[in-house]
There are 2 protein chains.
Amino acid sequence: MTPPGLQDEIKKREPFESREQEAILNILKTSDLFHNRMGRLFREYGLTSSQYNVLRILRGEGKPMPSLEIASRMIQVVPAITGLIDRLEKQELVSRVRCDKDRRVVYVAATQKALDILAEIDEPLVDAHKKLIGHLNQDELKQLIGLLEKSREPVTKDDS
Amino acid sequence: MTPPGLQDEIKKREPFESREQEAILNILKTSDLFHNRMGRLFREYGLTSSQYNVLRILRGEGKPMPSLEIASRMIQVVPAITGLIDRLEKQELVSRVRCDKDRRVVYVAATQKALDILAEIDEPLVDAHKKLIGHLNQDELKQLIGLLEKSREPVTKDDS
DNA sequence: TGCCATTACTTTACATGTAAAGTATATGTA
DNA sequence: TACATATACTTTACATGTAAAGTAATGGCA
């Protein structure tokens with residue numbers, strides 16, 4: 001069933017120049033892998049990862065949010081959020097409303113249709129998470145989480 | 001100097017639904033952060049992360065490589081490699097040569113100009129790695145690497 | 001020899017992500 | 001009130017990444 005011995009990992013060869021580099025490349029590689037997997041799941045529901053994230057944030061907030069507030073909760077740069085919301089609006093998953101008091105602000109809200117889709121995804125998503133790293137036990141997960149948080153620590157302090 | 005209390009992390013709020021989810025989100029978030037930082041460094045040399053990776057792979061190989069071989073060493077899907085190499089070629093960082101024996105194959109090679117840039121980046125890159133996670137000691141790095149490798153394990157076996 | 005499947009790329013269409021510049025509003029202050 | 005700034009977005013230009021379909025060459029086999 002499986003093709004010959006295609007690419008095992010990503011045919012690595014270069015001996016790492018340092019443990020730091022090895023760790024960083026491992027993070028990037030693992031993230032890419034998981035990102036792809038999750039992306040496939042979202043695609044089954046007609047969403048991309050970013051779109052899903054916007055909707056999840058809106059659901060979590062429970063009420064309309066300004067565009068920039070949404071962008072700040074994602075890792076994204078400002079300009080990207082506009083097109084993202086444009087596409088969500090076209091799919092009728094969010095609606096935009098100008099704020100009366102401050103007309104520069106645009107409030108974005110998830111529609112019922114979006115909430116329905118999110119609800120549908122909830123379970124498969126939890127399953128997907130389990131499938132992806134369910135083979136690590138709770139202690140290992142805790143360790144991993146701790147190490148990653150520590151990794152981000154110095155950067156967390158300044159800005160982005 | 002630092003703006004008020006802008007966004008600390010990425011204003012998290014939702015309590016994680018499971019440790020698995022927390023771990024995955026941590027991986028994605030950390031990766032994004034590092035990816036951005038490295039991207040800035042590459043940009044100083046006129047390269048994007050992907051472009052740098054292609055060149056690094058070519059340097060590691062030491063000789064011309066078929067496009068698909070390059071793509072397989074990156075996490076990328078096939079179509080993306082074409083445009084990527086197009087842009088590198090336009091910058092005179094790689095050259096393309098059709099294989100005589102199998103005219104479907106296109107060999108890609110790094111130019112001297114590319115090798116010079118890579119050499120210039122080497123040291124700053126090692127510094128950047130150190131700066132990003134140099135605060136983890138060797139044991140922690142080893143643990144982190146081990147956990148990430150274990151995380152990818154089940155997926156590594158089948159295909160992508 | 002002739003044809004089909006495979007292989008190695010390309011092309012096309014579209015969703016993102018980054019950077020830089022522009023627009024509409026608000027706000028603080030002289 | 002008039003003006004310089006700051007805000008909250010948009011727009012524009014590009015580099016990627018994904019999926020799906022198309023093209024050119026090879027190879028295997030009847």
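The basis for the numbers below is simple: all heavy atoms, side chains too, and nothing from hydrogens, waters or symmetry mates. Protein chains get the first letters and strands the later ones, always in sequence-line order, with residue 1 at the start of each. Bear in mind that the values here come from a model prediction, so they are computed numbers and not experimental data.
Counting non-hydrogen atoms of other residues, nucleotides and ligands closer than 6.0 Å to CD of B/E123 gives a total of 12 or fewer. Within a 6.0 Å sphere centred on CD of B/E120, heavy atoms belonging to other residues, nucleotides or ligands number more than 12.
Under 3.5 Å, the side chain of B/R104 and the base of C/dT7 form at least one donor-acceptor pair of N or O atoms.
As rounded to whole Å, 17 Å separates atom P of D/dT18 from atom CG of A/L41. For B/E69 and C/dC9, the CD to C1' distance is 15 Å, given to the nearest whole Å. If you take CD of B/E44 and P of C/dA19, they are 12 Å apart, rounded to a whole angstrom. If you take CG of A/L68 and C1' of D/dT10, they are 11 Å apart, rounded to a whole angstrom. Atom CZ of B/R40 and atom P of D/dA15 are 20 Å apart (whole Å). One can place CE of A/M74 at 10 Å from P of C/dT18, the figure rounded to the nearest angstrom. Atom pair A/Y52:OH and D/dT18:P shows a separation of 21 Å (rounding to whole Å applied). The separation between B/Y107 atom OH and D/dA25 atom P is 16 Å, rounded to whole Å.
For the pair B/R43 and C/dA19, the criterion of a side-chain N or O lying under 4.0 Å from OP1 or OP2 is met.
In terms of position along DNA chain C, the nucleotide closest to A/S49 lies nearer the 5' end than the nucleotide closest to the other residue of the pair A/K101 and A/S49. Residue order along DNA chain D, read from the 5' end via each residue's closest nucleotide, puts A/D102 first among A/A80 and A/D102. Residue B/I81 is the one, among A/D100 and B/I81, whose nearest nucleotide of DNA chain C lies closer to the 5' end (criterion: closest heavy atom).
Distances were taken from every side-chain heavy atom of B/R103 (C-beta onward) to each of D/dT10, D/dT26, C/dA15; the shortest belongs to D/dT26. Distances from the side chain of A/V105 to the nucleotides D/dT18, D/dC9, C/dT18 place D/dC9 closest.
A pairwise comparison of heavy atoms in B/V54 and B/I81 identifies CG2-CD1, 4.4 Å as the closest pair. Closest approach of A/Y107 to A/C99, counting heavy atoms only: CE1-CB, 3.5 Å.
Between B/M65 and the options B/V108, B/V94, B/I57, a side chain to side chain contact (heavy atoms under 4.5 Å, CB included) holds for only B/I57.
Using a 4.0 Å heavy-atom distance criterion, B/T82 is classed as a base contact.
Residues of residues 83-98 of chain A having a heavy atom closer than 4.0 Å to DNA chain C, listed by number: A/L84, A/R87.
Considering only residues two or more places apart in sequence or on other chains, A/E44 meets the side chain to side chain contact (heavy atoms under 4.5 Å, CB included) condition with A/L41.
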Under 3.5 Å, which donor-acceptor pairs link side chains of residues 127-136 of chain B to any protein atom two or more places apart or in another chain?
residue: B/H129; atom: ND1; partner: B/L125; partner atom: O; Å: 3.4
residue: B/K130; atom: NZ; partner: A/E20; partner atom: OE1; Å: 3.3
residue: B/H135; atom: NE2; partner: A/K150; partner atom: O; Å: 2.6

